[in-house]
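The basis for the numbers below is simple: all heavy atoms, side chains too, and nothing from hydrogens, waters or symmetry mates.
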Amino acid sequence: MTEGTTSAAEGGDTLTRLEQEGEIAADYLEGLLDIADLDGDIDMDVEADRASVSIISDSGSRDLQKLVGRDGEVLEALQELTRLAVHRETGDRSRLMLDIAGFRAQKRSELAQLGAKAADEVKSSGQPVKLDPMTPFERKVVHDAVAAAGLRSESEGEEPQRFVVVLPA
C-alpha cells in the first residue's frame with residue numbers, strides 16, 4: 001500500500017479496537033456495580049471515534065445517582081478509573097466516554113443550548129462573552145455549539161478555572 005492511503009482494514013481495526021475498549025470498560029463497570037450492589041444495565045457504542053459506555057437503569061432507581069455525584073464529580077472519577085482499567089488491559093490511552101443514568105446526555109443538551117445562547121448574544125452585541133469555568137467535556141460541547149452557530153471560541157485560564165470565551169466573527 002502506498003503512503004497516504006488508508007484501507008478499509010485500518011478503519012475496521014479502529015472500530016475493533018474501540019469495541020474492545022468498550023468490552024473491557026463494561027466488564028470493569030459490571031464488577032463495580034456488583035461490589036456496590038447496584039442495579040444497572042451496560043450499553044456500549046462507538047461515537048465520534050471513541051468508545052462510549054452508559055450505565056442505565058430500567059427501574060428509574062435513584063441508586064445510580066450515587067455514581068453520578070454532585071455535578072458529575074463521581075462520574076468524572078469513575079470515567080478516569082475506567083480509562084485506567086482499559087489502559088491496563090490494552091496498553092493504549094483510552095478516550096472512552098462514560099455516562100450514568102443519562103447525566104452526561106442531559107448535560108450535553110444543556111451545554112449546547114448555553115453555547116448557542118452565548119453565540120446569539122455575541123452576534124447581537126458584537127462583544128466577546130466569557131462563560132463560567134467548565135470541565136474539558138463541558139468546554140468541548142460549548143465549542144462545538146458555538147462553531148455550529150458560525151462563530152469561534154477559545155478556552156482561557158488554568159484548570160480547574162478554565163473557561164470558554166465566545167468571540168465575534
Side-chain angles (χ1 to χ4, degrees), residues 11 14-15 17-19 21-23 25-26 28-29 32-33 38 40-86 93-169:
T14 299
L15 181 60
R17 182 181 52 78
L18 293 174
E19 288 172 344
E21 283 186 18
E23 291 288 337
Y28 175 78
L29 292 165
L32 179 80
L33 289 173
L38 296 173
D41 295 320
I42 309 286
D43 183 33
M44 296 178 297
D45 201 2
V46 174
E47 299 173 2
D49 291 331
R50 57 170 66 184
S52 174
V53 178
S54 300
I55 301 175
I56 54 176
S57 176
D58 291 335
S59 65
S61 168
R62 297 198 41 85
D63 284 346
L64 289 182
Q65 292 304 315
K66 296 174 188 173
L67 297 179
V68 173
R70 192 183 81 221
D71 295 327
E73 290 173 340
V74 176
L75 170 59
E76 290 290 334
L78 287 173
Q79 177 174 276
E80 287 307 309
L81 289 172
T82 305
R83 286 177 174 177
L84 287 171
V86 170
R93 180 179 173 273
S94 174
R95 295 180 40 222
L96 175 124
M97 289 295 293
L98 176 62
D99 191 6
I100 299 174
F103 175 84
R104 208 177 283 275
Q106 175 67 30
K107 189 77 168 173
R108 181 178 282 125
S109 175
E110 292 169 4
L111 290 164
Q113 290 175 359
L114 175 67
K117 182 179 173 188
D120 288 343
E121 186 177 329
V122 169
K123 284 178 182 177
S124 64
S125 73
Q127 297 298 312
V129 171
K130 293 181 181 180
L131 301 176
D132 291 335
M134 299 178 191
T135 67
F137 162 76
E138 293 168 336
R139 290 193 310 269
K140 169 78 168 101
V141 174
V142 171
H143 285 306
D144 290 348
V146 169
L151 294 179
R152 62 185 190 90
S153 56
E154 297 175 350
S155 291
E156 294 182 4
E158 298 294 324
E159 295 293 352
Q161 297 299 313
R162 200 153 165 80
F163 59 95
V164 174
V165 179
V166 182
L167 302 164

If you take all heavy atoms of Ala116 and Ala145, which pair is closest and at what distance? N-CB, 4.1 Å

Only counting residues at least two apart or in another chain, list the ones meeting side chain to side chain contact (heavy atoms under 4.5 Å, CB included) with Val68. Gln65, Ile100, Phe103

Evaluate salt bridge (Lys or Arg N to Asp or Glu O under 4.0 Å) for Glu138 paired with Arg104, printing each intermediate quantity in order. CA-CA 9 Å; Glu138 293 168 336; Arg104 208 177 283 275; over 6 Å; no

Pairs touching residues 64-74 that satisfy salt bridge (charged side-chain N to carboxylate O under 4.0 Å, His left out), sequence neighbours left out: Asp63-Lys66, Arg70-Glu73

Determine which pairs satisfy side chain to side chain donor-acceptor pair (under 3.5 Å) with at least one residue from residues 158-168, sequence neighbours left out, and list them in order. Arg139-Glu159

Interatomic distance, Ile42 atom CD1 to Ser54 atom OG [nearest 0.5 angstrom]: 9.0 Å

Sorted by chain and residue number, the side chain to side chain contact (heavy atoms under 4.5 Å, CB included) partners of Gln127 (sequence neighbours excluded) come out as Ser125

Hey, does Pro133 have a side-chain heavy atom less than 4.5 Å from the side chain of Pro160? no

Is any side-chain heavy atom of Asp99 closer than 4.5 Å to a side-chain heavy atom of Ile55? no

Results of side chain to side chain donor-acceptor pair (under 3.5 Å) for Ser94 - residues two or more places apart only: Glu21

From CG (Leu78) to CG (Leu29), nearest 0.5 Å: 7.5 Å

Per the salt bridge (charged side-chain N to carboxylate O under 4.0 Å, His left out) rule, what does the pair list look like for residues 141-156, sequence neighbours excluded? Lys140-Asp144, Arg152-Glu154

Please list, chain by chain and in numerical order, all residues satisfying side chain to side chain donor-acceptor pair (under 3.5 Å) with Arg83, sequence neighbours excluded. Glu80

How would you list all residue pairs meeting salt bridge (charged side-chain N to carboxylate O under 4.0 Å, His left out) that involve residues 113-132, not counting sequence neighbours? none

I'd like to check the side chain to side chain contact (heavy atoms under 4.5 Å, CB included) partners of Glu110; sequence neighbours left out, ordered by chain and number. Gln106, Lys107

Partners of Ser109 by side chain to side chain donor-acceptor pair (under 3.5 Å), sequence neighbours excluded? none

What residues form a side chain to side chain contact (heavy atoms under 4.5 Å, CB included) with Val46, not counting sequence neighbours? Leu15, Leu18, Glu19

